[in-house]
Amino acid sequence: MAVLRATELRLLLVAMAVAAVTARGAAGGGAAKVPAIFVFGDSTVDVGNNNYLAGISARADFPHNGVDFPGGEPTGRFSNGLIGVDFIAAAMGFTRSPPPYLSLIAMDANSSGEVMSNMMMAAASAMKGASFASGGSGVLDSTGTTISMTKQIEYFSDLRDQISTILSAEKASTLLSKSIFLISAGGNDAFEFFSQNKSPDSTAIQEFCEAFISTYDSHVKTLYNLGARKFAVINVPLLGCCPYLRSQNPTGECFEPLNQLAKRLNGEIRDLFRDLSSEMQGMKYSIASSYELISSLIENPQAAGFVEVKSACCGGGGKFNAEEACTPSSSCCADRSRYLFWDLLHPTQATSKIVGLAFYDGAARFVSPITFKQLADA
């Protein structure tokens with residue numbers, strides 16, 4: 001099995017090289033595969049919305065974040081550089097992830113005092129997509145204190161109304177039906193559940209899973225009713241193996257109860273989308289397995305060129321450099337391309353590149369029932 005997985009990773013790296021050439025060609029003037037990408041979720045896909053929120057700790061608009069981003073500046077991405085959604089968007093013909101929604105509606109008045117409606121400006125700027133994702137959020141509105149999933153969808157609804165005003169309702173409907181709606185959420189819900197329930201029994205776990213899936217179902221149906229038809233879903237990651245969870249485990253190994261919960265949620269997410277796609281006319285979906293891909297990279301790091309898959313590149317503390325968060329005063333590894341994890345929870349740009357391209361056009365083990373590429377082409 002290990003040999004098979006190593007082979008899968010080597011084939012993926014070859015495919016990445018081909019995809020990089022294709023993406024450069026698209027950036028040079030080729031048409032994007034879809035009209036727009038709209039992104040919902042947590043810090044795995046947040047590209048800067050949290051920069052605009054006051055009084056929160058879940059933010060990444062400071063060094064060493066962004067050290068490898070073009071220009072070397074922090075953007076609000078929880079990474080040393082680009083994240084998975086940037087590579088997915090590039091593979092679809094865009095420069096990178098669509099911009100954070102809150103950056104589009106920031107107050108903007110010209111010198112004469114004439115103010116164009118913020119929402120109209122946002123709509124005009126978001127014809128190719130927008131990201132509503134917010135680090136710290138979850139599927140459940142009770143998770144975190146940032147922009148809840150319900151609020152993210154409300155923001156999209158407002159934007160949709162303005163796009164309809166600009167284009168006409170019919171043209172807006174066509175644009176949205178061909179666009180990609182990318183959702184990456186659930187990790188914070190699972191993490192918070194375990195934070196509040198150190199040793200949950202089967203009843204507590206069952207009740208949590210039911211609430212999680214019921215809420216996820218409601219979110220998807222709301223987006224569908226707002227015009228979404230193509231859903232690109234990233235499932236719950238292999239949470240228990242991130243540096244922070246290892247640092248909290250006396251043995252230094254992965255925290256398996258959290259991994260088992262993530263695995264269970266992923267099975268229910270798969271069943272949910274299978275059922276919804278049979279109920280809702282015109283709905284198409286693809287589910288990418290962050291869980292499986294990170295697991296594969298941990299088991300076969302050499303196939304992807306990694307030498308460190310347990311410790312954080314940027315952080316602090318004696319155990320896995322993950323007892324403290326990444327801050328401007330943190331220690332930061334020099335060879336970031338050799339690390340799987342950037343900070344105590346998030347992947348490096350090197351990992352994100354592998355993730356993005358695997359989800360876009362990788363093996364069925366990592367993305368199914370179709371790839372993101374096939375979803376875009378559908």
Side-chain angles (χ1 to χ4, degrees), residues 8-28 30 32-34 36-48 60 65-71 75-100 128-131 133 135 179-184 230 232-235 237 286-294 296-297 303-306 336-342 346-363 366-367 370-377:
E8 286 177 337
L9 285 173
R10 292 191 185 95
L11 290 173
L12 173 59
L13 295 175
V14 172
M16 284 171 57
V18 175
V21 174
T22 303
R24 283 198 297 270
K33 289 181 172 292
V34 294
I37 303 175
F38 298 98
V39 184
F40 305 83
D42 54 29
S43 60
T44 57
V45 285
D46 184 358
V47 292
N65 296 298
V67 63
D68 296 312
F69 193 84
T75 63
R77 289 166 171 81
F78 293 77
S79 170
N80 58 304
L82 299 168
I83 60 176
V85 66
D86 291 309
F87 292 105
I88 292 167
M92 292 186 181
F94 300 92
T95 302
R96 57 177 71 103
S97 168
K128 293 185 179 179
S131 175
S179 296
I180 293 291
F181 286 73
L182 191 151
I183 304 172
S184 180
K230 296 184 178 185
V233 180
I234 298 174
N235 72 9
S286 171
I287 298 178
S289 182
S290 176
Y291 187 103
E292 285 294 329
L293 187 51
I294 296 303
S296 183
L297 291 172
F306 292 127
R336 293 173 287 277
S337 65
R338 310 283 278 180
Y339 274 67
L340 177 66
F341 290 102
W342 163 241
H346 304 97
T348 59
Q349 174 177 271
T351 305
S352 293
K353 184 175 183 179
I354 294 172
V355 166
L357 274 299
F359 295 171
Y360 180 68
D361 196 23
F366 304 132
V367 58
I370 59 176
T371 66
F372 284 9
K373 178 179 185 296
Q374 291 168 325
L375 181 67
D377 291 338

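Being a predicted model, the structure only gives us computed values, none of them experimental.
Atom NZ of Lys128 and atom CZ of Phe94 lie 7.0 Å apart (nearest 0.5 Å). For the atom pair CG of Asn65 and CG of Asp68, the computed distance is 11.0 Å after rounding to the nearest 0.5 Å. A distance of 9.0 Å separates CD1 in Ile287 from CZ in Phe372, rounded to the nearest 0.5 Å. How far OG1 of Thr371 is from CG of Asp361: 5.0 Å, rounded to the nearest 0.5 Å. Distance check, rounded to the nearest 0.5 Å: CG of Leu293 to CD1 of Ile354 gives 7.5 Å.
The closest side-chain heavy-atom distance from Asp377 to Lys33 is below 4.5 Å. Gln349 has its side chain out of reach of Trp342: every pair of non-hydrogen atoms, C-beta onward, lies at least 4.5 Å apart. Inter-residue side-chain proximity for Val67 and Arg336 is flagged as met; some heavy-atom pair is nearer than 4.5 Å.
Across all non-hydrogen atoms, the minimal contact from Ser97 to Ser131 is OG-CB, 4.4 Å. Taking each heavy atom of Pro99 and Val47 in turn, the nearest pair found is C-CG2, 4.3 Å. Closest heavy-atom contact between Gly362 and Val367: O-CG1, 3.8 Å. Pairing each heavy atom of Ile37 with each of Pro98, the nearest pair is O-CG, 3.3 Å. Between Tyr291 and Pro237, the shortest heavy-atom distance links the atoms CD1-O, 3.8 Å.
Side-chain atoms of Asp46 come within 3.5 Å of backbone N or O of Gly135 as a donor-acceptor pair. Put simply, the side chain of Ser290 never gets that close to the backbone of Ile234: no donor and acceptor are under 3.5 Å apart. A donor-acceptor contact shorter than 3.5 Å links the side chain of Thr351 to the backbone of Leu340. Side-chain atoms of Asn80 never come within 3.5 Å of backbone atoms of Thr348 as a donor-acceptor pair (strictly under, hydrogens ignored). Here the side chain of Lys230 pairs a donor or acceptor atom with the backbone of Ala376 at under 3.5 angstrom. Between the side chain of Arg338 and the main chain of Gly305, a donor-acceptor pair closer than 3.5 Å is present.
Side-chain polar atoms of Ser184 and Thr44 form a donor-acceptor pair below 3.5 angstrom. Side chains of Asn235 and Ser289: a donor on one and an acceptor on the other come within 3.5 Å.
With sequence neighbours excluded, the residues that form a side chain to side chain contact (heavy atoms under 4.5 Å, CB included) with Ser352 are Ile83, Phe87, Pro347. By the ring-ring contact (aromatic ring centres under 6.0 Å, His included) test, Phe38 pairs with Phe156, Phe181, sequence neighbours left out.
Between Val45 and the choices Asp86, Leu182, Ile88, the side chain to side chain contact (heavy atoms under 4.5 Å, CB included) rule is met once, by Leu182.
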